[in-house]
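Below is one structure, written out as structure tokens, with a few remarks after it.
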2 protein chains.
Amino acid sequence: MRLDDLDRRIVARLLEDARASYAQIGDAVGLSAPAVKRRVDRLREEGVITGFAAVVDPAALGWTTEAFIEIFYNGARSPEETYESVRRHPEVIAAYTVTGEADALIHLRARDIAHLEETLERLRREPKIAQTKTSIVLSRLIGRPTDGPDT
Amino acid sequence: MRLDDLDRRIVARLLEDARASYAQIGDAVGLSAPAVKRRVDRLREEGVITGFAAVVDPAALGWTTEAFIEIFYNGARSPEETYESVRRHPEVIAAYTVTGEADALIHLRARDIAHLEETLERLRREPKIAQTKTSIVLSRLIGRPTDGPDT
DNA sequence: TATGAAACAATGGCCAG
DNA sequence: CTGGCCATTGTTTCATA
């Protein structure tokens, strides 16, 4: 599963435009279209590329409020239980177990402040959640492609 | 810029597979391929869809360490200055100004713990940064499509 | 919004290095 | 084993209604 330089350049190109044709990518990296396709197929099989997604502006869809919530659990809290306590809330777009004071960190998006408040109340009703600490996002300064650095 | 139900279903389809053909999307939503294309073109013009990106597994590229850093500045720290202090670090994949104790929250990815440590030291040398508080990601529980909820 | 035509892209087979 | 080329099939994209 070792990637050579050509693979990395193909991935970089697909991070910028997942709908680029194989011929376009080939022009950029110096390969023919079928050669690019074979590499992309291989990268998908190996799990380096897991899919292709549209990049959508949540604000344009009416989701204008974003927050990070540190979660503190009481007692036992395996990753599975943590997962169970947040997966049902569709506002949660990412969740992590972390080192440090908090047990978990979740990233959520809501339509507005009222919706955020409603979501927080709903989260706090989860039995194992003892405490939450909310940081509302004021501005997004950086948001790189697929959350993956320059390959 | 109002989206109807057809638009939302097209966006949902493209979030799952940005390389789906217009004909495939048309089959799924009950439209002809050209009709789908014109809607997608319009959604891009309106900024609802800002691009298409490959979804890459950072671990497969050798980026196995992930962390969130709360940043505390001393004195003046406009969003622009905050941006300037983090943009040059390629390990930073997202950065936000937030409410709460910290002034900013950054999300970063490194190849390993040594690389994370090196990045933290580099960040702490930024003149305006007074203090940092790091939470290393132990496991990712949820990571929804484009960081955008169900449209 | 659908249809049809022309241009373009994807993809499998096959051969060369 | 990896890339190039060719031919087939499918897709995009325009004109037109």
Side-chain angles (χ1 to χ4, degrees), chain A residues 1-58 60-62 144-151, chain B residues 1-64 111 145-148 150-151:
Chain A
M1 188 175 85
R2 178 154 282 88
L3 306 193
D4 65 14
D5 189 55
L6 244 20
D7 291 323
R8 277 186 285 270
R9 287 165 65 199
I10 290 170
V11 169
R13 195 68 198 74
L14 284 172
L15 283 174
E16 279 177 16
D17 179 11
R19 283 183 81 91
S21 73
Y22 294 127
Q24 283 176 301
I25 299 167
D27 279 357
V29 306
L31 284 179
S32 70
V36 173
K37 180 190 187 295
R38 268 189 302 185
R39 276 171 183 263
V40 172
D41 287 346
R42 205 195 70 229
L43 290 166
R44 297 195 67 167
E45 264 179 24
E46 286 171 346
V48 175
I49 295 171
T50 59
F52 299 97
V55 182
V56 166
D57 176 10
L61 292 168
R144 297 209 222 263
T146 167
D147 267 33
D150 61 359
T151 78
Chain B
M1 188 178 82
R2 179 157 281 88
L3 307 193
D4 65 14
D5 189 55
L6 244 20
D7 291 323
R8 275 186 286 270
R9 286 165 65 199
I10 290 170
V11 169
R13 194 70 199 71
L14 285 171
L15 283 175
E16 279 177 17
D17 179 9
R19 282 183 84 90
S21 75
Y22 294 130
Q24 282 175 301
I25 299 168
D27 279 355
V29 306
L31 243 43
S32 71
V36 173
K37 179 192 189 294
R38 275 195 301 131
R39 278 170 183 263
V40 172
D41 286 347
R42 204 195 70 228
L43 290 165
R44 297 195 67 168
E45 264 179 24
E46 287 172 345
V48 175
I49 295 171
T50 59
F52 300 96
V55 182
V56 167
D57 176 10
L61 292 169
W63 295 72
T64 60
R111 274 182 294 273
T146 167
D147 266 32
D150 60 0
T151 76

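Residue numbers start from 1 in every chain, and the chains themselves are labelled A, B, ... in the order their sequence lines are given, proteins ahead of strands.
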## Note on the structure
Per nearest nucleotide of DNA chain C, the residue lying toward the 5' end, Lys37(A) or Arg39(B), is Arg39(B)
To the nearest Å, give me how far apart [atom1] ([X]) and [atom2] ([N]) are.
X: Tyr22(B); N: dA2(C); atom1: OH; atom2: P; answer: 16 Å
X: Ile25(A); N: dC8(C); atom1: CD1; atom2: P; answer: 18 Å
X: Arg38(A); N: dA10(C); atom1: CZ; atom2: P; answer: 15 Å
X: Gln24(A); N: dA7(C); atom1: CD; atom2: C1'; answer: 14 Å
X: Asp5(A); N: dT2(D); atom1: CG; atom2: P; answer: 16 Å

## Note on the structure
Which of Lys37(A), Arg39(A), Arg38(A) passes salt bridge (Lys or Arg N to Asp or Glu O under 4.0 Å) with Asp41(A)? It is Lys37(A)
### Task
Nearest-nucleotide wise, let me know which of Ala33(B) and Arg42(A) is further upstream toward the 5' end of DNA chain D.
Arg42(A)
### Message
Measuring only between side-chain heavy atoms, which start at C-beta, is Arg13(A) closer than 4.5 Å to Asp27(A)?
### Response
no
### Candidate nucleotides dG3(D), dC6(D), dT13(D), ranked by approach to the side chain of Pro34(A) - the nearest
dC6(D)
### Query
So which nucleotide from dC14(D), dG4(D), dT11(D) ends up closest to the side chain of Ser21(B)?
dT11(D)
### Query
Under 3.5 Å, is there a donor-acceptor pair between the side chain of Arg9(A) and the main chain of Ala28(A)?
yes
### Query
Is Arg19(A) near enough to dA9(C) that one of its side-chain N or O atoms lies under 4.0 angstrom from OP1 or OP2?
no
### Task
Give the intermediate values and the outcome of side chain to side chain contact (heavy atoms under 4.5 Å, CB included) for residues Leu3(B) and Leu43(B).
CA-CA 9 Å; Leu3(B) 307 193; Leu43(B) 290 165; 3.7 Å; yes
